[in-house]
Student: 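So that we are looking at the same thing, I have put the structure below in structure tokens.
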Amino acid sequence: MNGERMDGERMNVILITACPSGMATTFLAARRLEQAAKRRGWQARTEMHGELEAVTPVSEEAIAAADLIVVAAQRVPEAARFDGKRLYRAPIQQALPDPEAFLERAAREATTFDAASEPATPPTAKSSEASGVKRIVAVTACPTGVAHTFMAAEALEQAGRALGHRIHVETQGSVGAQNPISDEDIEAADVVLLACDIEVDDARFAGKRVYRTSTGSALKQPQQTIQKSLDEAQVESAGSGKSAGGERKSVKERGLYKHLLTGVSFMLPMVVAGGLCIALSLVFGIKAFEQEGTLAAALMQIGGGTAFALMVPVLAGYIAYSIADRPGIAPGMIGGMLASTLGAGFIGGILAGFLAGYSAKAVTRYVKLPASVESLKPILIIPLLASLVTGLVMIYVVGTPVAAVLSALTAFLNDMGSTNAVLLGVLLGAMMCFDLGGPVNKAAYTFGVGLLSTETYMPMAAIMAAGMVPPIGMGLATFLRRSRFAQAEREAGKASFVLGLCFISEGAIPFAAKDPLRVIPVSMVGGAVTGALSMWFGVKLMAPHGGLFVLLIPNAVNLALLYLLAIAAGSVITGVGYALLKRGEAGMTPAAASSEPAPAEASRQTS
């Protein structure tokens with residue numbers, strides 16, 4: 001093919017895009033180059049190497065007929081197939097700002113490609129290719145078992161197929177295990193990938209190579225996560241995941257944070273059921289439950305008298321379970337019940353859970369018994385000693401001061417003036433939007449859920465309202481300025497809007513991952529406004545989840561219209577703000593286009 005052939009003639013061209021992080025830049029560059037090629041009258045075929053969809057290689061016939069190969073990547077994928085063809089290669093960042101000029105330069109500067117001169121494949125990729133198809137089994141689980149659990153599973157499945165591996169993902173969500181992994185699947189697996197923000201039963205994977213990470217990592221970087229699992233997984237014996245591999249895991253993935261999230265995940269159904277039962281009892285009148293024998297009284301007994309009474313014991317029991325496995329449940333629940341009766345509330349419950357868990361773990365590890373009575377240890381020795389330690393410490397050391405702190409906090413929240421309420425709403429709202437499921441987000445959410453046990457409902461309303469702002473705002477932005485968003489982004493915007501209505505902030509993650517320096521600040525501003533308005537209006541929310549659908553339940557929200565106004569105000573600020581700040585594809589900086597995802601780890605309150 002003569003190098004002087006220009007765009008006045010019809011040219012067959014193959015466009016190949018790949019970015020190092022495997023993010024949306026690959027997709028955007030391919031679409032912009034394809035459109036530019038059509039405007040030049042070229043016949044273009046595209047091959048994308050990324051994580052938005054599986055790789056579809058161009059056919060041998062297309063390669064044979066191609067006049068020009070354009071590679072927007074650091075290296076040429078499967079270089080041998082292009083040997084002897086006219087080829088132009090440049091980093092993908094050069095293709096995004098001006099694809100027309102990029103193609104013109106490609107036609108002018110392309111040279112005959114010598115596959116033998118192509119640098120060797122990087123070690124990680126080479127080891128993957130040499131290893132061939134792998135069998136992977138994975139489990140995803142997050143605190144609430146709603147969004148992160150299933151989104152991470154879908155991302156891993158797509159990434160596994162794109163890499164050419166066989167992967168089976170089990171989700172342990174709010175409705176239990178789905179798509180369960182069979183014993184045969186485990187036996188045949190080359191590696192086990194546990195993307196879990198809470199403790200899951202891993203005894204069935206004893207003797208297999210296991211890699212542990214968070215749902216956030218699996219959701220944002222699925223291909224890298226799978227590659228790391230193949231390269232870094234270690235063989236675990238039964239129960240070794242809590243000790244042997246601990247040195248490689250961060251506190252976020254397996255320490256205090258994870259134990260707390262495990263307790264919160266088991267407590268949430270109690271809070272939701274109890275709060276909504278209380279709301280239903282109020283349908284018959286604010287004080288109707290005071291009349292014994294009525295339906296209102298029964299509903300209040302179910303919600304406030306039973307479900308809320310179990311809240312703190314369940315929280316403490318499953319924090320202890322996360323630390324010490326089953327032996328921790330009994331002392332944890334006993335400590336949690338003591339926290340409730342002593343007035344120490346959810347703060348005391350958290351302390352009781354950690355105290356019981358580490359006490360039970362210490363007894364398991366350090367108390368040695370003769371083999372003849374070793375079988376009594378889990379059913380007699382551990383529950384007795386751990387319960388004694390936990391109970392005595394709670395009664396004589398922890399209970400009274402923590403009860404005083406909680407009482408002071410509750411009094412402050414109930415009696416604070418409008419200025420303090422607004423400031424608290426600003427703080428909680430901004431925290432909910434800062435990392436879309438990370439530690440800061442979860443700290444705010446756990447604070448609000450815990451206060452429900454003290455019948456303090458205003459902070460929870462502000463927290464849920466602010467958590468809905470980022471995804472609704474991103475959906476509005478894609479609608480307001482459609483021309484600045486690619487087709488894939490506009491589709492993501494529709495899904496984000498619906499997820500936002502359901503109080504699932506993860507809908508905003510694709511936008512935050514691609515453009516964090518604009519999305520995160522504008523979301524925090526909108527969330528802070530919503531939180532402030534909700535607290536200023538005095539909105540109270542009886543349930544910690546459900547999004548706008550909670551409004552369908554009478555008295556679940558006391559000031560429904562003002563609550564909607566607060567959510568709408570913050571969402572409009574976020575949506576309009578991002579629509580104005582968002583750059584069109586042509587004006588996008590490479591750094592923004594290919595940046596790593598925003599810090600939105602495994603799950604937020606709805607994950």
Side-chain angles (χ1 to χ4, degrees), residues 1-122 125 162 223 486-488 514 584-594:
M1 165 76 198
N2 188 335
E4 298 300 319
R5 182 175 182 178
M6 302 306 282
D7 56 330
E9 302 178 43
R10 186 177 184 84
M11 180 183 290
N12 291 322
V13 60
I14 292 176
L15 306 172
I16 299 177
T17 60
C19 78
S21 63
M23 297 301 292
T25 309
T26 303
F27 179 85
L28 295 175
R31 290 292 169 257
R32 289 180 59 76
L33 288 172
E34 195 173 37
Q35 292 167 3
K38 289 181 179 178
R39 287 194 291 270
R40 298 173 69 89
W42 294 359
Q43 181 69 33
R45 294 180 181 272
T46 306
E47 179 179 301
M48 292 178 288
H49 292 257
E51 295 184 357
L52 292 180
E53 55 186 53
V55 177
T56 305
V58 291
S59 65
E60 294 181 4
E61 293 78 8
I63 295 173
D67 302 310
L68 175 65
I69 313 294
V70 179
V71 180
Q74 296 292 337
R75 65 183 187 87
V76 181
E78 300 180 44
R81 54 185 173 156
F82 302 121
D83 192 40
K85 303 296 293 185
R86 288 187 69 241
L87 184 143
Y88 175 80
R89 174 177 51 187
I92 194 170
Q93 289 83 359
Q94 295 182 16
L96 278 170
D98 192 348
E100 292 271 6
F102 185 82
L103 291 181
E104 183 176 348
R105 189 164 63 250
R108 184 174 62 248
E109 300 178 9
T111 58
T112 302
F113 181 63
D114 180 9
S117 65
E118 179 69 6
T121 302
Q223 286 197 7
Q487 179 61 33
K514 181 179 168 186
E585 292 178 38
M588 222 173 165
T589 62
S594 61

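Numbers here are sequence positions counted from 1. Every value quoted in this text rests on a predicted model; they were computed, and no experiment measured them.
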Student: Working to the nearest 0.5 angstrom, can you tell me the gap between Arg89 CZ and Thr111 OG1?
Tutor: 9.5 Å
Student: State, yes or no, whether a side-chain contact exists between Phe113 and Val76 at a heavy-atom distance under 4.5 Å.
Tutor: yes
Student: Check whether Lys85 reaches the backbone of Ala66 with its side chain - one donor and one acceptor, N or O, closer than 3.5 Å.
Tutor: yes
Student: Output the distance between atom CD1 (Ile63) and atom CD (Glu78), rounded to the nearest 0.5 Å.
Tutor: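 Result: 8.5 Å between the selected atoms.
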Student: Of the non-hydrogen atoms in Ala62 and Arg45, which two are nearest, and what is the gap between them?
Tutor: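 So the minimum-distance heavy-atom pair works out to CB-CD, 3.4 Å.
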Student: What's the shortest heavy-atom distance between Pro77 and Val71, and which atoms?
Tutor: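 Looking at all heavy atoms of both residues, the shortest contact is CD-CG1, 4.4 Å.
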Student: Tell me, please, which residues at least two apart from Arg105 pass salt bridge (Lys or Arg N to Asp or Glu O under 4.0 Å).
Tutor: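 With neighbours one apart ignored, the set is empty.
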Student: List the atom of Ala79, the atom of Ala115, and the distance in Å for their closest heavy-atom pair.
Tutor: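 Scanning both residues, the minimum pair turns out to be O-CB, 3.8 Å.
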Student: Name all residues meeting the side chain to side chain contact (heavy atoms under 4.5 Å, CB included) criterion together with Ala90; count only those two or more places apart in sequence or in a different chain, and write none if there are none.
Tutor: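 Ala90 satisfies side chain to side chain contact (heavy atoms under 4.5 Å, CB included) with Tyr88, Gln94, Phe102 only.
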Student: Could you grab the distance from atom CD of Glu100 to atom CG of Leu33, nearest 0.5 Å is fine?
Tutor: 10.0 Å
Student: Between CG of Leu103 and CD of Gln35, what distance do you get to the nearest 0.5 Å?
Tutor: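 The CG atom of Leu103 sits 11.5 Å away from the CD atom of Gln35.
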Student: Against Met48, only a single residue in Leu15, Thr17, Ile16 fulfils side chain to side chain contact (heavy atoms under 4.5 Å, CB included); can you say which?
Tutor: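 For Met48, the side chain to side chain contact (heavy atoms under 4.5 Å, CB included) test succeeds with only one of Leu15, Thr17, Ile16, which is Thr17.
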Student: Would you give the length of the straight line joining atom CZ of Arg32 to atom CG of Asp98, rounded to the nearest 0.5 angstrom?
Tutor: 8.0 Å
Student: Closest approach of Ala106 and Leu68, non-hydrogen atoms and distance?
Tutor: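 It is O-CD1, 4.0 Å.
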Student: For Ala107, does its backbone N or O pair with a side-chain atom of Arg86 as donor and acceptor, under 3.5 Å?
Tutor: yes
Student: Could you grab the distance from atom CD of Glu104 to atom CD of Glu109, nearest 0.5 Å is fine?
Tutor: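 It is 10.0 Å, given to the nearest 0.5 Å.
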Student: Without swapping roles, check the side chain of Asp67 against the backbone of Met11 for a donor-acceptor pair under 3.5 Å.
Tutor: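 Answer holds: no.
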